[in-house]
Structures are given as structure tokens and as C-alpha cells.
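What follows is a short report on a single structure.
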Amino acid sequence: MRYDLVVFDNDGVLVDSEPLSNRLLAAYLTELGYPTSYEDSIRDYMGSAMHRIHDLVHERSGQRLPADFDTTFHGRVFDAFRRELEPVVGVSAVLEKLRADDIPYCVASSGSHERIRVALRKTGLYDRFGEDRIFSSEDVGRGKPAPDLFLHAAARMGVEPGRCAVVEDSPLGVQAAVAAEMDVYGYTAMTPAVKLSAARALFADMAELPQLLASTHT
């Protein structure tokens, strides 16, 4: 038996963007008077939608981020992506294997549609997806850890949640997949395994993923 759909997170799973974006986020929040280290950003914001950043800053400080925060931050991130972004090592081979085995896949990311497309185009992965297989938290009312985005992606792809596998590298993403009642595989290249312990299986090398997908689904 096999999955009918594999749903990939984008940042940290398809594209190696987490070091870039979290470095920039920490610097920008610190610049605005909310001291944040790179490690703080990874811990608190990795895998989350933009509204979570606003909510946590307000919760902790009682202050609101500037109205142009998202626009300024995304501008900095996109500039860095266009200069430096690379695909996650081994992910192209995984996508090719899924295509060869005729297993549908898509991307469901907390990032904006623009962010996803900038990243996929820079890394040469865009043509492996196309417009009809890209889903963003902008498409739903609540981002991860709510299950809405994954459920939306499955519905649009015409697949029951129980027939989906999700590939995630953030605790929030794992929570969202579990809440959606989908099998989730935790990619631990950047995230400590203990933080992804709710996943069905963990792996640190993309080369391991195809065999995991084939062997752990019963």
C-alpha cells in the first residue's frame, strides 16, 4: 500500500531557507527593540506564519510591530534568497522518485505565496510543482499548528487526509499534521529530534525518505 499524496513543507524541507530567514528575523526584531537571538528565532518562530510573530511580540511586550513589518521583512528575505538560497540537499532526487512512481506531491507552507515562489524559482524546483500544487497559509484562516492548511491542500488535491504523508522540519508543522490526522515524517537536519518526537518517523538525510514512505505505511 502507498500514500496517495506527499505534502512537503517548503522552508527547511524543500529549500535551505531557515538559516537565512531566522538570521534576518532575529536581526530585524532586535533592531526594532525586541532583542532576539538566532536561537530564539529558531525556537519561537521556525515553521510559523507571520501572524504568530506579531502575536508573540504583542503577548510578551504589550507592543505592536510596525504596520510595514511584513513588507520590510519579506523584502530583506527575498533579497537574501535571490543571492544565496539553495535547495535542500537530496530533495530533487526525492521529487524525481515520487514522479517516477506516479505518487502525487505538493507543497503546503506557512510562508506567503510570493515567498514560496521566489524560493522555488531560485532553487530550480518551481517546475516540479507548478501553480496548482502550491498552498500557503494565506489560503486558510489559521496557519500551523492548526491543521487547516494541510486539510486544505488535501482537499484541493482530492485526497483523504488519512492517505497523506507530510514532510516537516518544525514542531509547529508536526503538530499541524498530527491534528490533520496525517502521517508525518520529521526531518531532523536542523531540528533536534526530540522536538519532532510526535512524528511517525524521523530522518536526517533526504535520501532516507523514499524508503521510509514505502516501509512505514501499512
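Along the sequence shown, the residues carry numbers beginning at 1.
- With hydrophobic clusters built from ILVMFWY side chains whose heavy atoms lie under 4.5 angstrom apart, Ile116 shares a cluster with Phe73.
- The closest side-chain donor-acceptor pair between Ser17 and Asp11 falls under 3.5 angstrom.
- Screening His58, His54, Arg52 against Leu56 for a side chain to side chain contact (heavy atoms under 4.5 Å, CB included) leaves a single residue, Arg52.
- A cation-pi geometry, defined here as NZ or CZ lying under 6.0 Å from the six-membered ring centre and within 45° of its normal, does not hold between Arg156 and Phe135.
- In this structure, Phe203 has its ring center no closer than 6.0 Å to that of Tyr185.
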Residue pair Ile53, Tyr34: steps toward the side-chain contact (heavy atoms from CB on, under 4.5 Å) verdict: CA-CA 11 Å; Ile53 302 172; Tyr34 308 100; over 6 Å; no
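- Geometrically, Arg121 engages Tyr126 in a cation-pi contact defined by less than 6.0 Å to the ring centre and at most 45° from the axis.
- Under the 4.5 Å side-chain heavy-atom criterion for grouping Ile, Leu, Val, Met, Phe, Trp and Tyr, Val178 is connected to Leu149 within one hydrophobic cluster.
- In summary, the side chains of Asn10 and Ser109 do not present any donor paired with an acceptor at a separation below 3.5 Å, with no hydrogens or angles considered.
- In terms of heavy atoms, Lys144 sits closest to Leu172 at CB-O, 3.9 Å.
- Environment of CD in Glu84: crowded, with over 12 heavy atoms of neighbouring residues, nucleotides or ligands closer than 6.0 Å.
- Tested against Pro87, the residues Leu125, Val15, Leu120 include a single side chain to side chain contact (heavy atoms under 4.5 Å, CB included) partner, Leu125.
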side-chain contact (heavy atoms from CB on, under 4.5 Å) evaluation trace for Val184 with Leu196: CA-CA 10 Å; Val184 57; Leu196 305 180; over 6 Å; no
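- Between Arg117 and Glu114 no salt bridge is recorded (no basic side-chain N to carboxylate O distance below 4.0 Å).
- Minimum heavy-atom separation, Ala180 to Phe150: CB-CB, 4.2 Å.
- No donor-acceptor contact under 3.5 angstrom links the side chains of Asp40 and Tyr45, judged on distance only.
- Taking the six-membered ring for Trp and thresholds of 30 and 60 degrees, Phe78 and Phe81 have ring planes inclined between 30 and 60 degrees apart.
- With respect to Lys97 and Asp101, a salt bridge is recorded, a charged nitrogen being found less than 4.0 Å from a carboxylate O.
- Heavy atoms only, all atoms of each residue included: Val167 and Val6 are closest at CG2-CG1, 4.0 Å.
- Across all their heavy atoms, His113 and Glu138 have their closest contact at N-OE1, 3.0 Å.
- Taking the six-membered ring where the residue is Trp, Phe69 and Tyr28 present parallel rings, their angle staying beneath 30° rather than reaching 60°.
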